[in-house]
There are 2 protein chains.
Amino acid sequence: MQKSPATLKAIAEQLRVSVSTVSRALNDHPRISEKTKSRVKELAEKLHYVPNPAALLLKKNKTYTIGVLLPFLKEEFFSLAISAIEDTLMPEDYHVLISQSRDSLEREKKMIESFIASRVDGLIASVSAETNHYGHFKALEEYGIPVVFFDRVPRNIKCHKVRNSVTQGAKEAMRFLVNKGVTKIGLINGPGNLEVSGERLNGYLEAAMEFGIDARQHYIKSGNLTREETEQCMMELLALEDRPQAVLTFNDYVALYAMSACRKAGVEPNKDILFVSFANLPITSFLENPPIASVEQFASKMGAQAANLLLKCLQNQESELDYQEIIIKTELIIH
Amino acid sequence: MQKSPATLKAIAEQLRVSVSTVSRALNDHPRISEKTKSRVKELAEKLHYVPNPAALLLKKNKTYTIGVLLPFLKEEFFSLAISAIEDTLMPEDYHVLISQSRDSLEREKKMIESFIASRVDGLIASVSAETNHYGHFKALEEYGIPVVFFDRVPRNIKCHKVRNSVTQGAKEAMRFLVNKGVTKIGLINGPGNLEVSGERLNGYLEAAMEFGIDARQHYIKSGNLTREETEQCMMELLALEDRPQAVLTFNDYVALYAMSACRKAGVEPNKDILFVSFANLPITSFLENPPIASVEQFASKMGAQAANLLLKCLQNQESELDYQEIIIKTELIIH
DNA sequence: CTGTTAGCGCTTTCAG
DNA sequence: CTGAAAGCGCTAACAG
């Protein structure tokens, strides 16, 4: 009980050698005899020796811990990304510290303080719906902690980014609808401070122009991604005289909220009004009546790429200066 | 750039006092003058001083980090529980390390090794669907790391547990169906090594006995919770000559898998065959046709209770011996 | 090939 | 009221 973990000292004493010999043996130092090495390793194994991370941090200034900061774990997009991040980082012997901002800027700041306190080696982040400035992230970089953003990346800021070709995805979604003969298309977008909202809007507008359909201002709504605001947006669209025949939504959750608002209003989703969304989450496969198409964002791939980019930053610090931007192609999936 | 975090030494030098004075001032040691304290605290604040956790661990043998090990982040039940755990632990200045076993025993063991390596102060766990022995958890206790299990708790093992009154919940669900005039009820259960499966079965059998309905062996299926096995179970039930009129499922996900299997087979869920499940996850609110009732398990409450119990263990080590068992009442929610 | 020593940042006796 | 010094576990420069 309360048997504390084995230390180098304990091994050294039992073997009647010095602590440094043990340390070197375990690190496969070239100038240690094979015989000593095997004796040491054997005993270490037997004692279940695991190096004390605190001592390592103290010496090397490295915790082998990566922070991941994202809005909501419960959103499948993010939990898929997390799994990919884990799978990429764990083989490299990194631990992963996960935190949720829950789309609150204040929480996001708190979590970053906590990451600094625990001395993470790097951070992978997707910003909250409220985030409109990035000073708290800059603080990390001042401490030499590299940050890689994914999906919800900051707007107009030089930083490492892994993001989707959202504009193009939005255009494809629009083309799909136009080809179906739909000309009145609404947009329920995310908050304007997110670059990904801007890109959806751009895709929407470019497509409208290109296909010569009417992108009337009142067809464009933006909410904070909550159920409440989304239902509100949908109600406003439904109340219009020239009600849209289809709606493009920020993501699958927003689509689900909007569709449930329709049902409450006696409007049949995908019959009276078509839905196309972003993300294409597995969750939608449970629905009898999912959005008719979805712009796949490849959450796992994004997570893996973000983790790989961070690993690269961690390996050669010089690369801190030229920020990388990785763009994952989206793909329109028709259900 | 690469500005390393402030240390006690840096503060001491600037203030021309000793390191120990700074340490004591920050810890509100009674024998330090108010004046010194305020000078120190002011500078510490200005320099954004945050104690180096490594040094603390080395001295106090405490990382202020709690591990959380559970099957899948993407299951809403667990992500709800996590949020509650975070909310309970973070005000107490604990960090939360999350890992997923993905229902694999091997991964579960690996993750526990990793928790030991990072010297977590305690662990909150919900075991994998494959877990049939608990040696890897016992290893933690040998290091003096307390473990609290929640929801999926070990069977026949003395340990701290936070679980639901599952047997009773299953009985209520059965009563609900019987009152609807249903007498042929199937059960798609989880793997037998989980205590929670045993309890569901007990509830099912007790209810069958009590209400005088036929609990025929071939109405009882158990799978490993994956989509594949669940669909298999459902197919078997559908293939029976005296096909059940209703099915009780291990949880909402299993219900969704089973319902989609029904649709594939041309059977209309909740019309041709009724579904009642466990968990009552928010996700089901998106469905046009969710299970007609669900045994609410109060994920958040379970998470919070587990975290509180762990905090208690961490505070007084003596309590290691008498294991606590906390039971959260379930509640049948009719949709 | 191996031992000695210093030091990472912090707390905590022991001495003033 | 404050300082000096030891030590937590480990690595690495310096000496043999």
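Order of the sequence lines fixes the chain letters, A, B, ..., with proteins taken first and strands second; residue numbering starts at 1 for each chain. Just so you know, these numbers use all the heavy atoms, side chains as well, and skip hydrogens, waters and symmetry mates.
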Take a 6.0 Å sphere around [atom1] of [X] and say whether it holds more than 12 heavy atoms from other residues, nucleotides or ligands.
{"X": "A:Lys9", "atom1": "NZ", "answer": "no"}
{"X": "B:Glu325", "atom1": "CD", "answer": "yes"}
{"X": "A:Lys62", "atom1": "NZ", "answer": "yes"}

Looking at [X] and [Y], does any basic side-chain N land under 4.0 Å from a carboxylate oxygen?
{"X": "B:Asp322", "Y": "B:Lys312", "value": "no"}
{"X": "B:Glu141", "Y": "B:Lys138", "value": "yes"}
{"X": "B:Lys109", "Y": "B:Glu106", "value": "no"}

Requested in this report: Check every nucleotide of DNA chain C for an atom under 4.0 Å from a heavy-atom of chain A, then give the first and the last such nucleotide from 5' to 3'.
Outcome: C:dC1 to C:dG9
Take atom [atom1] of [X] and atom [atom2] of [N], then tell me their distance rounded to the nearest Å.
{"X": "B:Glu34", "N": "D:dC1", "atom1": "CD", "atom2": "P", "result": "9 Å"}
{"X": "A:Asn27", "N": "D:dA12", "atom1": "CG", "atom2": "P", "result": "7 Å"}
{"X": "A:Lys9", "N": "D:dT11", "atom1": "NZ", "atom2": "C1'", "result": "16 Å"}
{"X": "B:Lys60", "N": "D:dC8", "atom1": "NZ", "atom2": "C1'", "result": "13 Å"}
{"X": "A:Leu8", "N": "D:dC8", "atom1": "CG", "atom2": "P", "result": "13 Å"}
{"X": "B:Glu13", "N": "D:dG3", "atom1": "CD", "atom2": "C1'", "result": "15 Å"}

Report task. Could you grab the distance from atom CD1 of B:Ile157 to atom OH of B:Tyr134, nearest 0.5 Å is fine? Result -> 6.5 Å
**Report entry** B:His136: partners by ring-ring contact (aromatic ring centres under 6.0 Å, His included), with sequence neighbours left out
**Finding:** B:His133
Which protein N or O atoms sit under 3.5 Å from an N or O of nucleotides 13-16 of chain D?
from, atom 1, to, atom 2, distance (Å)
D:dA13, N6, A:Arg24, NH1, 3.1

Any donor-acceptor pair under 3.5 Å linking the side chain of [X] with the backbone of [Y]?
{"X": "B:Asp103", "Y": "B:Ala129", "value": "yes"}
{"X": "B:Arg155", "Y": "B:Asn193", "value": "no"}
{"X": "A:Ser126", "Y": "A:Asp151", "value": "no"}

Report task. Scan for ring-ring contact (aromatic ring centres under 6.0 Å, His included) pairs involving residues 74-114 of chain B, sequence neighbours excluded, and state none if there are none. Result -> B:Tyr64-B:Tyr94
Query raised in the report: Once you build an axis from the first five pairs and another from the last five of the helix from C:dC1-D:dG16 to C:dG16-D:dC1, how far apart in angle are they, to 10 degrees?
Result: 50°
Query - Contact list for DNA chain D against residues 49-59 of chain B - heavy-atom distance below 4.0 Å - result: B:Leu58, B:Lys59
Query raised in the report: Heavy atoms under 4.0 Å, any strand shown: does A:Ser33 hit a base, just sugar-phosphate, or nothing?
Result: sugar-phosphate
Query raised in the report: When you check the phosphate oxygens OP1 and OP2 of D:dT2, does a side-chain N or O of B:Thr21 lie under 4.0 Å from one of them?
Result: no
Query raised in the report: After noting the C-alpha distance and the side-chain angles of A:Ile82 and B:Gln100, does the key distance pass the side-chain contact (heavy atoms from CB on, under 4.5 Å) rule?
Result: CA-CA 10 Å; A:Ile82 288 254; B:Gln100 316 181 57; 4.0 Å; yes
